[in-house]
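Whatever order the structure lists them in is the order used to number ligands and atoms, beginning at 1.
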Amino acid sequence: MTDLVVPTPTPDLTVDAFTRAFLRELNFGQGVELAASSVNDQYLALARTVRQFLISRWLETQKRQREAQAKSIAYLSAEFLLGRQLDNALLATNLEEIAGEALRGLDIDLAELRDAEVEPGLGNGGLGRLAACFIDSLATMSVPSIGYGIRYEYGIFRQTFVDGKQVEQPDNWLELGSPWEFPHPEAAVTVSFGGTTSVEVDENGVDRTTWTPSWSVLAMPYNYMVPGYHNGRVNTLRLWSAKATHAFDLSTFNAGEYADAVRSQTFAENISKVLYPEDSTPQGKELRLQQQYFFVAASIRNFIDQVLPEDFDLHRLSERVMFQLNDTHPVIAVPELMRILVDEKGFGWDEAWAVTRKCFAYTCHTLLPEALEVWPTELLGRLLPRHLEIIYQINDDFLAEVRAAHPGDELRARRMSIVAEHPERAVRMAYLATVAGAKVNGVAELHSQLLRDKVLDDFATMWPEKFTNVTNGVTPRRFMRLSNPPLSRLITEAIGSGWLTDLERLSELEPYAKDAEFVRRFQEVKGRNKRRLAGVLEHRDGIEINQDAMLDVMVKRLHEYKRQMLKVLHVVTQYDRILSGELKVEDVTPRTVVFGAKAAPGYRMAKDIIWLINSVAKVVNNDPAVQDKLKIAFPANYNVTLAETLIPAADLSEQISLAGKEASGTGNMKFALNGALTIGTLDGANVEIRELVGGENFFLFGLDEPAVAALVDSGYHPSSYYEQNTSLRRALDLIASGAFSDGDRHAFEPIVSNLLYQDRFLVLADYQAYLDAQAEVDLAYADKDAWAGKAILNISRSGFFSSDRSMRDYLERIWHAAPVH
Ligand code: NBG
C-alpha cells in the first residue's frame with residue numbers, strides 16, 4: 001500500500017485533521033472559502049472528505065480480489081434504490097462523531113448537510129431497494145461482488161399533489177453534483193443494435209454467424225463505492241450511462257442544421273435518460289428493451305474484458321462468476337453470453353450452452369402473470385436479430401428435451417415454449433431465464449411455493465432441484481442503525497454491540513419485553529421518533545400530526561393488489577360511525593393514519609385512489625366532529641429518505657395485500673424490526689413474520705391463498721358483500737355521494753363501480769375481517785405497556801429478516817460462493 005496517499009481513518013485521527021481535510025476540499029474542490037460557501041458546497045466538500053477515507057479500502061479490496069481469483073457475484077439489476085449515501089459512508093468509516101465535532105467547530109450543522117443530499121432514486125420500490133440492501137450485505141460479509149445497473153439521468157419521478165391529485169415532476173438528482181460517483185470515460189464499451197446476420201463456413205467447416213449491427217452507443221461506466229460495515233471492505237457498483245459514439249456531425253453542423261447535427265447524440269443518450277416508473281407491471285416499450293440490453297451487454301463485456309485476467313479460459317467462467325438476474329429485466333444477458341461465446345470466441349453451441357447454464361441464476365419477484373415480461377419477436381428481431389436467433393435455437397433444443405421426456409404431449413411443449421404464439425409471437429423472458437438458469441428462486445416461502453405450483457409448474461416438474469426459496473431481507477445498518485439511532489442505542493445497552501452484523505442476536509432482547517424499565521425506555525424511544533417525524537412532516541409538507549395518537553402506517557407503491565383501498569374503507573367507516581353517533585368520539589382510539597405511495601403515471605385507478613385518499617383526508621381532518629381522534633397524513637413523494645423517519649415512528653404496520661399477490665414485501669420487515677406491530681394477511685413474507693413473532697403479536701385477518709383461489713373459481717360477486725354488509729354499504733355510499741368531492745358524484749364513480757362489479761383483489765370480501773382485526777388493534781393499543789411488550793418481541797424475533805441472512809442463503813443454495821476475508 002506504499003503507493004497510496006489517501007487517508008485511512010485510524011484511532012489517532014483527530015478532529016483537527018478532519019477539519020483540515022474538509023477545508024481543503026471546500027477550497028480546492030469547490031473553489032470557495034468557508035465564509036462564502038453554500039450549504040451545497042459544504043455538503044459536497046464533506047462527502048468528498050468522507051469518501052477519501054473509503055478509497056484506500058476500495059483499492060485494496062480490488063487488489064485482493066484480483067489476487068484471490070475468487071468467484072464473484074455479478075448482480076444484474078435494472079434498479080438500485082440506494083437512498084442517501086453520506087450517512088452510510090460516515091457509518092461505514094466510523095467518522096460520525098469526528099465529522100460532527102469538526103463541523104461544529106466551524107459552526108456548521110451536520111444534520112443540515114445531510115439534508116442537502118438528494119437521494120439517487122434509481123428504482124421504483126421493493127425490487128430496487130432489495131438490490132441496494134443485498135450489495136450492502138455482500139460488502140459487509142466480504143463477498144466479492146459487483147452490482148451492475150443503469151445510471152439514469154432522471155430517477156423515479158418526484159410526486160407532488162395538486163388539488164389532491166398526483167402530478168409528476170422530473171427527478172433531476174444530478175443537478176447539484178454527485179460526489180459519490182467515479183466516471184470512467186476511457187473504459188466505455190460499445191453496445192450495438194439492429195442490422196442483420198449472415199452465416200459463413202469457417203476454416204474448420206463450421207457455420208459461423210456474423211452480426212452486422214446498424215447502430216451503436218457507448219456505455220460509459222460510473223463506479224460507486226459500496227462500503228462494508230466496519231470490515232475494511234469496499235465493493236463496487238457500476239452504473240452505465242449512454243453516450244453517442246459521435247457527439248455530433250460536424251459537416252451537418254457547419255451547414256447550419258444544428259438540430260440534425262446532434263440528433264444521433266440525443267437518440268443515443270435517451271437510453272439512460274429516465275427510469276421507467278412502473279412497479280409490478282411490465283413496460284413493453286422498445287426503449288425499455290434498449291435499456292435492458294444496453295446495461296447487460298456492457299456489464300458482461302466489462303466482466304470478461306476487464307475484471308477477468310486477460311488470458312482467462314472462458315470454459316471455466318462459472319468458477320469465477322455467477323450473474324444473478326434480478327427479475328426478468330436483465331434476462332437478455334443469456335443470449336448475449338451465448339453470442340459472445342459462439343460468435344466471438346469460437347465455442348461450439350453445446351460447449352457454450354454448458355458454460356452459460358452454470359453462470360446464471362434467476363430471481364422472480366412477482367406472481368401477477370401480467371407482470372412477467374414478454375417481448376414480441378417482431379421487436380426483438382428488429383433490435384437484436386442475432387439474439388432472437390439464439391433464443392429460437394435455445395427453445396428448439398429445450399422443446400426437443402421436453403418432447404423426449406413426454407412423447408405425444410404436444411400441449412405441454414406448447415405450454416412450456418419460450419416463444420409464445422398467442423396473442424402474438426413473443427418471447428417469455430421468465431421461461432428463458434428458467435431454462436437457462438442454474439437456479440430459480442422466489443422471494444418468500446409462499447411465493448416460491450406458488451411459483452413452483454402455479455406460475456412455473458411445468459418447469460418445476462421437469463427440474464425440481466432447480467427451484468429454491470430465498471426469503472428477502474433488509475439491511476439493519478440502514479434500517480435500524482442509521483434510521484433509528486435511539487432504538488439502536490437502547491438495544492446495544494441491553495445486549496451489547498455486534499448485533500448489527502449478527503441480527504439473530506436480537507433474540508437476546510426477549511426477556512426485556514417483560515422488563516418494566518426497558519418497556520418504559522422503549523416507549524420513550526417511540527415517542528422521540530414520533531416527535532422527529534412530526535417535525536419532518538411539518539417542515540417538509542406542512543402537515544401537523546397528533547403525536548399522542550397511534551401511528552398507523554401504510555407506505556408502499558400504489559397498486560390495487562396492495563389494497564390501499566381497504567385502508568381507505570376502514571377510515572371512511574370509522575368516520576361514518578362517528579358522524580352517525582354509532583361511535584362516541586370519546587371512545588375512539590386516536591389514530592394518525594399515514595399513507596405514502598406513488599402511482600405509475602399511466603395507472604388510472606391507482607391515481608384515482610391517491611386522489612380519493614387526499615379527498616377523504618381533507619374532509620376528515622377538518623371535521624370538528626372528529627376532534628383529533630382520526631387524522632390522515634399523506635406526505636407526497638414517499639422515498640427511502642422519508643421511509644427512514646416514518647418507519648421508526650410507526651406503531652402499526654399495514655401489510656394488507658390480497659393473499660397470493662405480494663411476492664414478499666420488505667417494508668413489512670423494516671416495521672417489525674423497528675417495533676411496529678403488523679396487521680396483515682397471510683401473504684408474502686407476512687407468513688414468516690407471523691410465524692416468528694408469534695400469532696399473539698400479529699393481527700391476522702382475511703382469506704388465505706387457497707380460499708382466495710376457491711372464491712375466485714366459484715364466481716366472486718362483490719356486490720353481494722355490499723348488499724349484505726351495512727357498514728360497507730354506508731362507506732361506499734358515502735364515497736359515491738360526493739361527501740369527499742364537494743358533492744360531485746362522478747368523481748369517484750370509477751373506483752366505486754370497480755369495487756362493486758369487478759374487485760379483482762377482493763377488497764369487499766376481506767372488508768369485514770379487516771374491520772374486526774382493526775377493532776382488536778384498538779383494544780390492544782389501550783394497554784400501552786402490553787403493546788410495547790409485543791413490539792419488543794417483534795424486534796427480538798425478527799433477526800431472521802436481515803439481508804445478511806438472505807445473502808448467506810444465496811451463497812449456499814444458489815451461488816456456491818464464499819466470502820474472501
Ligand atoms: C417486488 C414485489 C415485492 C418484493 C420485491 C423484492 C417487483 C416486480 N416485485 O413483494 O412486489 O418484496 O419485489 O423482492 O417489483
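Remark: D458 engages R415 in a salt bridge, criterion side-chain N to carboxylate O under 4.0 Å. Using a 4.0 Å cut-off between a side-chain N of Lys or Arg and a carboxylate O of Asp or Glu, E644 and R478 qualify as a salt bridge.
Both tests do not hold together for R238 against Y148: distance to the six-membered ring centre under 6.0 Å, angle to the ring axis within 45°. With F800 as the aromatic partner, R805 meets the cation-pi criteria of under 6.0 angstrom to the ring centre and within 45 degrees of the ring axis.
In summary, the side chains of Q166 and E168 do present a donor paired with an acceptor at a separation below 3.5 Å, with no hydrogens or angles considered.
The minimum heavy-atom distance between F634 and F595, with the atom names listed, is CD2-O, 3.3 Å.
Between Y561 and ligand 1 there is a heavy-atom distance shorter than 4.0 Å. A heavy-atom separation below 4.0 Å is not found between G684 and ligand 1.
Checked by distance only, ligand 1 and N472 come closer than 3.5 Å through their nitrogen or oxygen atoms.
Residue contact check: S664 has heavy atoms under 4.0 Å from atoms 10 (O), 12 (O) of ligand 1. Remark: ligand 1 atoms within the under-4.0 Å shell around heavy atoms of A663 are 10 (O). Close approach of ligand 1 to V443 (heavy-atom distance below 4.0 Å) involves ligand atoms 14 (O).
Taking the ring centroids of Y603 and H559, they lie under the 6.0 Å cut-off.
Distance from atom 4 (C) of ligand 1 to its nearest protein heavy atom, with residue and atom name: G665 N, 3.7 Å. Among all protein heavy atoms, the one lying closest to atom 10 (O) of ligand 1 is E662 OE2, 2.6 Å.
Across K562, H365, E373, heavy-atom proximity to atom 2 (C) of ligand 1 is greatest for H365.
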